[in-house]
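Everything numeric in this text was worked out from a predicted model, so none of it was measured.
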Amino acid sequence: MDPFALTRALIDIESVTGNELAVGDFLLETLRKLAADTSGAVERMPVASDRFNVLAVWGQPVVTLSTHMDTVPPFFPSSEDPEFVRGRGACDTKGIIAAMIAAAQNLLAEGRRNFALLFVVGEEKDSLGSLAAARHPRGSRFLINGEPTENKLALGSKGALRYVLTARGRLAHSAYPELGESAIEKLLDLLAEIRKLPLPQDPVLGKSTLNIGTLAGGRAPNVISDEAHADLMFRTVGDPEPIRSAMRQAVAARGELVEMLHTPALHLEAMDGFETTVVAYTTDIPNFAGAWGRPFLIGPGSIHVAHTAEERIPKQQLQDAITIYSRMVQRLLSGAPPA
């Protein structure tokens, strides 16, 4: 398979989280053709209605190459030039899927077996695919997870701690603000204090950060607001309890604080002969909970263009990733220590 053509074919199948059915069917058919010629086995791993992971296995898997098939919105189709393949999901992570399939082809051509490909749904939003896979392991001892790291092994990834913060007020005519109580003003005051909170740091992962992702509230310009809320996301670098405690103290009785998500920060392994980096985003690795083996994180492309209108993957990095994934699987199958 031409990895550039496969990347474009995958990009051109819209697969925003929750709508992965068509791309899952495409991958099933693609991998069934490969498995039929190489004595492999392919299966749908049910996750939810019309949502499933795709697993392809050759022998008894010791190493699993895995990434996600869903994307963020909005969808836009593929294009290419001499340097890049472009489109939604180009680097996050449809180019990575193509590189992993091409690496599998190379390994099989060399007579290698005892590895698997696992493509999951939901990473961009609900992680249902990796959570389902964690409940149905296949004995794999190593997991190579693909996300855009510019083909460098990530030594760690930050965690995530997400809240919804709500403030309540009392409705009134805006000409008589003294008769009401503005929820929006309460929320803005709380957010100003939260932005000043000292956040933990880690010598490898760096500083924790805060993003105020959404703000909403109020009824109309001439009405004192009775409700307002914000979505907050901390990128954590270790134990989340100091942030949780600081948030509880800051909000106290002045608002309603609901924790929506926690994904832990991770310190990951290196491997001799590979460049390293550290990433600030979260991945599906914590959701696998070790069920598919010791994790490594690496993939072509830059996270800086993922989720943007300029999403693209360098063709050279995609080709290099095929070799990198093949080398990693060979080393792990040989029993040699990773580092």
Side-chain angles (χ1 to χ4, degrees), residues 66-68 91-93 96 123-124 127 130 134 141-163 191 193-213 231-250 257 259-307 317 320-321 324-325 327-328 331-332 336-339:
S66 180
T67 190
H68 59 93
C91 66
D92 192 14
T93 57
I96 294 174
E123 189 273 346
E124 297 289 3
S127 293
S130 55
R141 291 170 32 219
F142 300 98
L143 176 73
I144 301 173
N145 195 56
E147 291 285 352
T149 68
E150 300 183 59
N151 281 337
K152 299 175 183 178
L153 266 173
L155 296 179
S157 63
K158 290 185 179 181
L161 181 61
R162 183 161 65 89
Y163 287 103
L191 292 174
E193 292 181 32
I194 289 168
R195 291 179 64 201
K196 295 177 183 178
L197 292 175
L199 299 178
Q201 301 187 34
D202 179 84
V204 174
L205 299 178
K207 298 179 179 179
S208 302
T209 59
L210 165 65
N211 180 53
I212 302 171
D231 289 292
L232 312 180
M233 176 77 86
F234 291 92
R235 298 290 177 172
T236 62
V237 297
D239 183 358
E241 286 307 316
I243 295 176
R244 285 173 170 148
S245 176
M247 286 291 289
R248 287 193 295 267
Q249 292 180 30
L257 186 66
E259 182 177 319
M260 305 299 293
L261 170 77
H262 173 242
T263 302
L266 293 176
H267 288 262
L268 298 165
E269 294 185 66
M271 186 178 287
D272 288 344
F274 293 89
E275 290 186 77
T276 60
T277 188
V278 173
V279 299
Y281 53 81
T282 57
T283 73
D284 266 335
I285 289 175
N287 301 310
F288 283 108
W292 288 74
R294 292 162 55 186
F296 298 87
L297 178 61
I298 189 168
S302 170
I303 196 65
H304 296 149
V305 296
H307 298 194
Q317 283 192 23
D320 291 344
I324 287 169
Y325 288 140
R327 285 174 54 205
M328 291 181 71
R331 182 179 299 186
L332 295 169

Check: [X] side chain, [Y] main-chain N or O, donor-acceptor pair, under 3.5 Å:
X: Thr93; Y: Glu147; result: no
X: Arg331; Y: Asp272; result: yes
X: Asp231; Y: Gly213; result: no
X: Tyr163; Y: Phe234; result: no

Starting at [atom1] of [X], measure out to [atom2] of [Y] and round the result to the nearest 0.5 Å.
X: Ile324; Y: Gln317; atom1: CD1; atom2: CD; value: 8.5 Å
X: Glu123; Y: Thr283; atom1: CD; atom2: OG1; value: 7.0 Å
X: Arg141; Y: Leu332; atom1: CZ; atom2: CG; value: 8.5 Å
X: Asn151; Y: Ser302; atom1: CG; atom2: OG; value: 11.5 Å
X: Ile96; Y: Thr67; atom1: CD1; atom2: OG1; value: 5.0 Å
X: Phe274; Y: Met328; atom1: CZ; atom2: CE; value: 5.5 Å

Student check: side-chain heavy atoms of [X] and [Y] closer than 4.5 Å:
X: Ile243; Y: Leu161; result: yes
X: Leu266; Y: Pro286; result: yes
X: Leu232; Y: Met247; result: yes
X: Leu153; Y: Leu268; result: no
X: Thr236; Y: Pro200; result: no

Start with the C-alpha gap between Thr149 and Tyr281, add the side-chain angles, then the distance that decides, and say whether side chain to side chain contact (heavy atoms under 4.5 Å, CB included) holds.
CA-CA 10 Å; Thr149 68; Tyr281 53 81; 3.3 Å; yes
For side chain to side chain contact (heavy atoms under 4.5 Å, CB included), just list the numbers for Thr209 and Leu199, CA-CA rounded to whole Å, side-chain angles, deciding distance to a tenth of an Å, and then say yes or no.
CA-CA 7 Å; Thr209 59; Leu199 299 178; 5.6 Å; no
Please report the closest heavy-atom contact between [X] and [Y], naming both atoms and the distance.
X: Ala280; Y: Lys158; answer: O-CB, 3.3 Å
X: Arg327; Y: Gly273; answer: NH2-O, 3.9 Å
X: Gly301; Y: Cys91; answer: CA-CB, 4.0 Å
X: Ala246; Y: Leu197; answer: CB-CD1, 4.1 Å
X: Gly146; Y: Tyr325; answer: CA-OH, 3.9 Å

With sequence neighbours left out, which residue pairs that include part of residues 148-157 fulfil the salt bridge (Lys or Arg N to Asp or Glu O under 4.0 Å) condition?
none
Which pairs, with at least one residue in residues 289-303 and sequence neighbours excluded, count as a salt bridge (Lys or Arg N to Asp or Glu O under 4.0 Å)?
Glu269-Arg294
Side chain to side chain contact (heavy atoms under 4.5 Å, CB included) evaluation trace for Asn145 with Trp292
CA-CA 10 Å; Asn145 195 56; Trp292 288 74; over 6 Å; no
Excluding sequence neighbours, so at least two apart, what forms side chain to side chain donor-acceptor pair (under 3.5 Å) with [X]?
X: Glu275; answer: none
X: Glu124; answer: His307
X: Ser127; answer: Asp284, Asn287
X: Asp320; answer: Gln316

Residues pairing under side chain to side chain donor-acceptor pair (under 3.5 Å) where one sits in residues 198-208, two or more places apart or in two chains, turn out to be none
Check salt bridge (Lys or Arg N to Asp or Glu O under 4.0 Å) between Glu259 and all other residues, then give those that pass, not counting sequence neighbours.
Arg244
Looking at His304, I'd like to know if its NE2 atom is crowded, meaning that more than 12 non-hydrogen atoms belonging to other residues, nucleotides or ligands lie closer than 6.0 Å.
no
With sequence neighbours left out, what residues match [X] under side-chain contact (heavy atoms from CB on, under 4.5 Å)?
X: Val278; answer: Leu155, Val204, Leu205
X: Asn211; answer: none
X: Ala291; answer: Ala134, Pro137
X: Thr282; answer: Ala160, Arg235, Thr263

Verdict with reasoning, Ser157 to Ile285, per side chain to side chain contact (heavy atoms under 4.5 Å, CB included):
CA-CA 10 Å; Ser157 63; Ile285 289 175; over 6 Å; no
